[in-house]
2 protein chains.
Amino acid sequence: MQQPYHLKAKHLVAIDDTVFGYENNELKLLLFKRNLEPAKGQWSLVGGWVDPDESCEDASCRVLTSITGLKNIFMEQVKVFSKPDRDPGGRVISVVFYALIDIQKHNHQLSDQFGAQWWPATKLPKLIFDHQEMVNCALNNLQIKASRDLVGRDLLPEEFTLTQLRQLYNSIFMKEFDPGNFRKKILSLNTLQRLDKKSKNGSKKGAYFYKFKDDKEELEFKERIVNI
Amino acid sequence: MQQPYHLKAKHLVAIDDTVFGYENNELKLLLFKRNLEPAKGQWSLVGGWVDPDESCEDASCRVLTSITGLKNIFMEQVKVFSKPDRDPGGRVISVVFYALIDIQKHNHQLSDQFGAQWWPATKLPKLIFDHQEMVNCALNNLQIKASRDLVGRDLLPEEFTLTQLRQLYNSIFMKEFDPGNFRKKILSLNTLQRLDKKSKNGSKKGAYFYKFKDDKEELEFKERIVNI
DNA sequence: TCAAAAGTGTTTTTTATACACCCATGC
DNA sequence: GCATGGGTGTATAAAAAACACTTTTGA
């Protein structure tokens with residue numbers, strides 16, 4: 001079973017990023033018009049090759065930064081897709097990540113230039129190869145993440161209302177959370193700080209803006225936020 | 001960003017299996033004495049190379065079968081480990097799986113012959129490279145799995161008592177579950193079938209044997225078994 | 001004035017936890 | 001008879017869900 005390294009087959013290894021953003025009360029996904037064969041012109045996830053001197057995480061960061069202009073993007077591994085025939089263009093092992101970014105902050109010129117486009121997560125075009133399955137897995141991971149950590153930090157603007165946060169959660173879990181119960185749950189976590197400003201966008205009365213407390217990077221003991 | 005496939009670097013891709021078993025009320029791990037440099041003679045997970053015509057899952061199955069003699073082993077992906085310097089012997093990207101097997105059923109001659117040995121999960125020797133981190137991730141995945149699915153099917157013998165199942169859960173979660181509450185929870189899932197036999201091993205009174213219902217492969221709507 | 005979101009409070013239901021207690025039996 | 005794990009039931013606590021109600025203000 002164990003043989004010298006140099007005798008073994010080598011593989012092309014790629015990363016594919018499921019990039020989530022949030023805009024107009026909708027969870028969105030950044031998709032690419034593929035510019036090489038096979039399946040040129042069709043929609044796909046953002047991807048790239050893994051270089052000899054970098055980890056898959058490094059490769060994913062590099063690709064994300066090159067497309068959005070952002071650094072320190074939140075990102076987590078999802079799964080490896082490695083069926084020998086998954087890519088008709090050749091045998092490619094792909095490591096999938098999901099990333100969360102603030103649509104407002106990213107460099108639109110840059111992503112436009114790459115032929116990238118934001119799509120509502122619920123209304124995606126047909127994707128190449130196994131990319132739809134990748135998206136499904138990524139969304140699943142995002143839900144697991146959001147069930148234990150408040151994910152708004154990466155998707156919402158600095159300052160946001162609890163209604164905005166709830167609508168984000170609605171779109172991640174594709175269900176309606178009770179406004180009163182959601183509010184109580186979130187505030188009990190003690191990770192948000194209320195500001196002395198009010199948003200007049202959502203209602204006539206106006207809703208307080210909140211922001212994430214700087215210190216509270218991680219909850220010491222992860223309480224469940226939503227049940228899945 | 002996107003270039004023809006043939007211009008890109010290729011990588012050695014391996015799989016490493018965290019093989020869990022259960023024996024004498026202990027969760028155990030199958031470890032290998034490594035028989036090639038570097039780190040020859042040290043303990044490691046069971047591993048193997050990914051061949052050109054197989055998926056990582058295929059490679060993992062192949063390796064597991066070659067060592068245990070068993071087929072259709074339960075197995076799930078854990079994570080990819082890909083730091084460029086993680087293996088001093090060369091740049092190897094490793095896809096980690098965890099597997100659950102019935103220690104009684106596997107072929108001992110075969111695993112002995114490979115230099116494999118079962119270790120209590122709580123008392124592992126020092127492992128090579130990043131294998132301890134792999135084990136930690138795998139155990140974490142096993143806990144997540146066991147919190148939603150009854151995992152005894154793969155780790156326990158066909159027929160087992162509820163006390164055995166509880167002790168398995170105790171060792172997976174490294175805590176003591178209340179006997180009465182655990183029993184009620186498990187029976188409420190309706191996935192076990194009581195047999196008309198009693199085990200006299202654990203107690204004087206004797207405890208009913210149970211087995212997994214054949215039909216209930218999957219619960220339609222996954223209820224939580226334990227909270228994590 | 002009234003519709004609509006913001007925000008607070010209460011009730012009900014469900015689930016988890018703690019633990020009391022009887023049972024059967026080998027010693 | 002008594003210690004021991006098996007098995008059942010009950011009381012309590014905590015969490016989730018449902019929903020009533022008050023506030024504010026632009027249209």
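Sequence lines set the chain letters: A, B, ... in the order given, protein chains first and strands last, and positions in each chain run from 1.
- Remark: B:Arg194 qualifies as a cation-pi partner of B:Tyr208 under the 6.0 Å distance and 45° angle criteria applied to the six-membered ring.
- Look at CZ on A:Arg224: it is 12 Å from C1' on D:dA15, rounded to the nearest Å.
- Under the 6.0 Å distance and 45° angle rule, A:Lys79 counts as a cation-pi partner of A:Phe81.
- Contact annotation for B:Thr161: no contact, since no heavy-atom pair falls under 4.0 Å across all strands.
- At whole-Å resolution of the value, CG in B:Leu165 and P in D:dG5 are 18 Å apart.
- Checking A:Val78, A:Leu29, A:Leu45, A:Asp16 one by one against A:Tyr98, the side-chain contact (heavy atoms from CB on, under 4.5 Å) holds for a single residue, A:Val78.
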- [ ] Any chance you could list the contact pattern along nucleotides 21-27 of chain C? Use B for base contacts, S for sugar-phosphate-only contacts and - for none, protein heavy atoms under 4.0 Å, 5' to 3'.
- [x] --BBBS-
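- Looking only at side-chain heavy atoms (C-beta outward), B:Gln104 and B:Glu23 come within less than 4.5 Å of each other.
- Listed by residue number, B:Gly180, B:Arg183, B:Lys184 are the residues of residues 171-188 of chain B with a heavy-atom contact under 4.0 Å to DNA chain D.
- Rounded to whole Å, the distance from OH on A:Tyr208 to C1' on C:dT8 is 14 Å.
- When only modelled atom types and interatomic distance are considered, A:Asn107 and A:Thr68 share no side-chain donor-acceptor pair under 3.5 Å.
- In this structure, B:His106 has its ring center closer than 6.0 angstrom to the ring center of B:Trp118.
- In this structure, the separation between OG1 on A:Thr163 and OH on A:Tyr210 is 10.0 Å, given to the nearest 0.5 Å.
- Remark: C1' of D:dA16 and CG of B:Asn227 are 12 Å apart, rounded to the nearest angstrom.
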I'd like a table of donor-acceptor pairs (distance under 3.5 Å, sequence neighbours excluded) in which one partner is a side-chain atom from residues 200-207 of chain B, with atom names and distances.
unit_1   : atom_1 : unit_2   : atom_2 : d
B:Lys200 : NZ     : B:Lys204 : O      : 3.2
B:Ser203 : OG     : B:Lys205 : N      : 3.4
B:Ser203 : OG     : B:Gly206 : N      : 3.0

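- A straight line from CG of A:Asn201 to P of C:dA6 spans 11 Å, rounded to a whole angstrom.
- The nearest whole Å value for the distance from the CD1 atom in A:Ile225 to the C1' atom in D:dA16 is 15 Å.
- For A:Arg166 and C:dA4, the CZ to C1' distance is 12 Å, given to the nearest whole Å.
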